[in-house]
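Bear in mind that the values here come from a model prediction, so they are computed numbers and not experimental data. Each chain gets a letter, A, B and so on, in the order the sequences are listed, and its residues count up from 1.
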Amino acid sequence: MTHSIAEIARALGAEMVGDGEYRIARAAEPAGAGRGDLALAMDERKYGAALRSAQAEAAVLWDGADWRELGLVAAIFVKRPRVAMASLTSMLDPGADRWEGIHPSAVIAQDAVIGADAAIGPFCVIGPGARIGPGARIGAHVTIAGGAIIGAGARIADGVRIARNVRIGDRIICQPNAVIGSDGFSFVTPEKSAVEQVRGTLGDRGDATGQSWLRIHSLGGVEIGDDVEIGAGSTIDAGTIRATGIGSGTKLDNLVHVGHNVQVGRDCLLCGQVGIAGSARIGDRVVLGGQCGVSDNIFVGDDVIAGGATKIFSNAPAGRVLLGSPALKMETHVEAWKNIRRLGRLYEQVADLRARIERKDRDRD
Amino acid sequence: MTHSIAEIARALGAEMVGDGEYRIARAAEPAGAGRGDLALAMDERKYGAALRSAQAEAAVLWDGADWRELGLVAAIFVKRPRVAMASLTSMLDPGADRWEGIHPSAVIAQDAVIGADAAIGPFCVIGPGARIGPGARIGAHVTIAGGAIIGAGARIADGVRIARNVRIGDRIICQPNAVIGSDGFSFVTPEKSAVEQVRGTLGDRGDATGQSWLRIHSLGGVEIGDDVEIGAGSTIDAGTIRATGIGSGTKLDNLVHVGHNVQVGRDCLLCGQVGIAGSARIGDRVVLGGQCGVSDNIFVGDDVIAGGATKIFSNAPAGRVLLGSPALKMETHVEAWKNIRRLGRLYEQVADLRARIERKDRDRD
Amino acid sequence: MTHSIAEIARALGAEMVGDGEYRIARAAEPAGAGRGDLALAMDERKYGAALRSAQAEAAVLWDGADWRELGLVAAIFVKRPRVAMASLTSMLDPGADRWEGIHPSAVIAQDAVIGADAAIGPFCVIGPGARIGPGARIGAHVTIAGGAIIGAGARIADGVRIARNVRIGDRIICQPNAVIGSDGFSFVTPEKSAVEQVRGTLGDRGDATGQSWLRIHSLGGVEIGDDVEIGAGSTIDAGTIRATGIGSGTKLDNLVHVGHNVQVGRDCLLCGQVGIAGSARIGDRVVLGGQCGVSDNIFVGDDVIAGGATKIFSNAPAGRVLLGSPALKMETHVEAWKNIRRLGRLYEQVADLRARIERKDRDRD
């Protein structure tokens, strides 16, 4: 499938120059772009030289570029390159393998309700009473438990597991092998445990003795809004009594762990390998960089931004920018590490001061 | 399915008041509790107000609550709320989808031994010589390799992979997409590698040169005790010659990584995204918070408790409470960060002292 | 299947003594070794005593051991024990369950090209135009999307997901439930987002307001060299326009996350739960210990070695040895923590100096 430059410019709301009828089949980095490709060269410093020596005849160009001098047949100028990338890549994406209708090997309970125009891949298993909205594109090997409810336009990749008591809004995207609705990690000892004692006393465990763990079952399921994406291998545990919640517009990267009872707000980004412990509450528009951690039962306010590997152990007020382990305000963290790195000199200075004072003391005697 | 309040109180060993014949279908948080629900209101501060305005007619109440004044028909008083939650949620849990017997699509080797009353879901694959105890409830898409041995009462969710040479005790619970018995990550270079040199010399790599990695195969399998739970997406590698071991009563949360040859003791809790590197030994009743890491070949003693994101690089004696990266005793860690955060003032004080001494020196001249 | 001691010695290029015709069926640690086992006792201190009391009649011994005095029938002496382990374990590994040819339940597109001598397990799904080289051993429940290309000798375990636009060299090993080619985590807001502003201004977010995220699709796929291993549950995201790349000889442990557009060089080791954010570039022979993190868009030079849980936020020159979060040169990190742990005394010393100076000031008045 090919697209004309005019058609693309129109879709991007972008300016076009040259032959609008020129057709391209794919986008490419300038270094590897040939005829029939759309070279993406929105940054002259990074891509100018490569574009000049490429075979490409069409390109998205940096502001002020001279498309004729670059030997192009047609070109597009965009305002915010990454926004343009969103439209462009969406347009050029043929999508994953799409099964025609429901594959005959799928095991679907008689009373499951599958919306119109659904594509369901081989070896899917859909349990009794499950409801899947119209336009679903479900890959191979997906399991959707009895009673689960999924909205319209779902795109669920191979090997995803959706457990009982999961309710999902419209346009969910699940990457391969994601798990939604696994049991929460919630155990208790018959008598007060060492962990509880340590929390109470900050270190003295008294005479807590070994006991086996009793399991608290997860009856609350998971509730997910609209336009959510769940990354490959990520796991979202069910709540105990109320549902674990993920707000609309929130995106989870790969291998993210969301514990039981957690509430994540709207339009958050949880990057790769983020972990959120049980019953934590995350506000709206929160961005947690890769490998961030959030302790159980704490609160992270709206618009908090945490850099990669930040470990948040206590409540974070709205709007705070956090770094480090333990998490500190960004400026405090930067200052702390600047101070730590100068410690060698400080030790020398203090030793020198002591020597001088002692000399004085001796002189005086 | 419903339960009478009397029946529940009996199961919890708890005190009951009001109409013991009142029947409930599910537990609910007070805010959302209606007729036929059992409102969970063990904490007056958190739930008192919500309960007063709820439609609920039955509740588990905080000590000293006046159930009549709260407008209830029946109520239960428990001693240790979280322990009560274990019994109660277990009682009210209908369990995951249960397949009737062995689904006809499952591929089961002729000489595999499946215990009585087993439920095995669609598309399971069970290899030659595998043995599964009685009462197993195995979901869809599970693979159990040839020769694997699993005890009685197993509950294995969708997409779990159990490799060869895995022996598991009774009552295992595996959450979706867990992997048990993958190959260990064990490589060696023909000549001494840079990593080995750095370990030996703490930084000087000498003239170690690039070499490709030779693979050490994993022949030792995995041995798991009774009453173990493995979280969603967690991975447990096989040992090289001897088995990787997980002791009875130990629970692993989601996305936990246990390397080859690791020995984990009994009744441990490994929270979300914990990683334990090859050949580490973990004692009994150890609790590792989310995202903790344990270096290879080290020893973590019985009853060690490590807070979230603690990174343990060296042996930890029994009973120690650890925090931070690198892991320190809790008090040392707390003190260290208190000291770090005061460094700005310390720098000022030292600068001030220097100025004063220099002034003195000048004055004297 | 058994092997004679002579045969094993030959394969290891090792010295043999005693009865070369003695046959063993498996290797064992000395403590558990019996007749017909090959006891692995390359370290006298660790295994000498156990071997003396074991029933084993054959062993791989430490340098200078007296095999007759140890009561053995045959023995092997090796030079570099871990290298010997590579050969030996490879020789004794019967391999995972191997399906005879292509299992009839597999769903394979008519125009997919499957190489000679392939073994493909139950419930595999192979899409249109996929190409798999000769000698493949593919487990159960594997999905290989349309157009994916896999070289010769692939060993792909149960539940692996290989998406569209993935090209893999020869001898790939994929552990269970690994995901290759999931969509990248790449989102943009219509207007400048808070994250972009924070990056620019180091903390002041100005008046950035909440916006929903636009998705940048991943069209670039993944390109993997020869002799690569991917651990259980690991995820490798597809690139946006160009492919995410993993160089030949590189090994990934379990639950490793490689973001979109990342380039990893040759012969690297990425240990358990390592995370590499989008567009980072990793050189050749880089070793990242467990739970390391690498920020997006940075560069880690050839031969860098990072200890466990090192978080790399900025470019790392070739050959550097890194530790800590934030990552520092190993010596700087060690020095920093030595200095931090002495801070209590430093505070005391400075207080003492102040007191002395103040006393002097008072004395003088």
Note to self: Using 0.5 Å steps for rounding, measure from the CZ atom of C:Arg161 to the CD1 atom of C:Ile144.
What the structure shows: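 Here the rounded value is 10.5 Å.
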
Check: When rounded to the nearest 0.5 angstrom, what distance separates CD in C:Gln175 from CD1 in C:Ile230?
Finding: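 Between atom CD of C:Gln175 and atom CD1 of C:Ile230 there are 10.0 Å.
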
Margin query: Looking at every non-hydrogen atom in both residues, tell me the closest pair between C:Ala306 and C:Ile312 and how far apart they are.
Written below: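 In this case the closest contact between C:Ala306 and C:Ile312 is CB-CD1, 4.2 Å.
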
Sort [X] into side chain, backbone, both or neither according to what part of it lies under 4.5 angstrom from a heavy atom of chain C.
X: A:Leu270; answer: backbone
X: A:Ala232; answer: both
X: A:Gln291; answer: side chain
X: A:Gln349; answer: neither
X: A:Arg354; answer: both
X: A:Arg80; answer: side chain
X: A:Val287; answer: side chain
X: A:Cys174; answer: neither

Out of [options], which one racks up the most heavy-atom pairs below 4.5 Å with chain C?
options: A:Leu353, A:Leu346, A:Ile173; answer: A:Ile173
options: A:Gly231, A:Gly290, A:Gly159; answer: A:Gly159
options: A:Leu323, A:Asp158, A:Leu92; answer: A:Asp158

Notebook entry, point to check: Can you list the steps and then say if A:Asp267 with A:Arg285 is a salt bridge (charged side-chain N to carboxylate O under 4.0 Å, His left out)?
Noted result: CA-CA 5 Å; A:Asp267 293 322; A:Arg285 297 171 304 279; 5.8 Å; no

Notebook entry, point to check: Are more than 12 heavy atoms from other residues, nucleotides or ligands located less than 6.0 Å from atom CD of C:Glu191?
Noted result: no

Next item on the list: Applying salt bridge (charged side-chain N to carboxylate O under 4.0 Å, His left out) between A:Asp227 and each of A:Arg155, A:Arg266, A:Arg171, A:Lys251, report the one that passes.
Entry: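 One option only clears the test, and that one is A:Arg171.
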
Quick check on [X] against chain A: is it the side chain, the backbone, both or neither that has a heavy atom closer than 4.5 Å?
X: C:Val274; value: backbone
X: C:Val160; value: neither
X: C:Ser295; value: neither

Check: Parallel, tilted or perpendicular for A:His141 and C:His141, by the 30°/60° rule?
Finding: perpendicular

Item checked: C:Phe187 and C:Phe185 aromatic ring geometry - parallel, tilted or perpendicular at 30°/60° bounds -> perpendicular

Of all of [options], which one pairs up most often with chain A through heavy atoms under 4.5 Å apart?
options: C:Gly278, C:Ala336, C:Pro190, C:Ala163; answer: C:Pro190
options: C:Arg242, C:Lys311, C:Arg215; answer: C:Arg215
options: C:Val350, C:Leu328, C:Leu255, C:Asp183; answer: C:Asp183
options: C:Ile357, C:Leu214, C:Thr240, C:Leu343; answer: C:Leu343
options: C:Pro326, C:Ser186, C:Ala277, C:Gly259; answer: C:Pro326
options: C:Ile276, C:Asp237, C:Asp296, C:Thr332; answer: C:Asp237

Notebook entry, point to check: Should C:Arg342 and A:Tyr347 count as side-chain neighbours, where that means a heavy-atom distance under 4.5 Å?
Noted result: yes

Name the atoms and distances for all side-chain donor-acceptor pairs under 3.5 Å in residues 84-91 of chain A, with sequence neighbours left out.
| unit_1 | atom_1 | unit_2 | atom_2 | d |
| --- | --- | --- | --- | --- |
| A:Thr89 | OG1 | A:Met85 | O | 2.6 |
| A:Thr89 | OG1 | A:Ala86 | O | 3.4 |
| A:Thr89 | OG1 | C:His217 | N | 2.8 |

Notebook entry, point to check: When you check the gap from the basic side-chain N to the acidic O, do A:Lys338 and A:Glu335 get nearer than 4.0 Å?
Noted result: yes

Next item on the list: List for me each residue that meets salt bridge (charged side-chain N to carboxylate O under 4.0 Å, His left out) alongside C:Asp352, sequence neighbours excluded, and say none if there are none.
Entry: C:Arg356

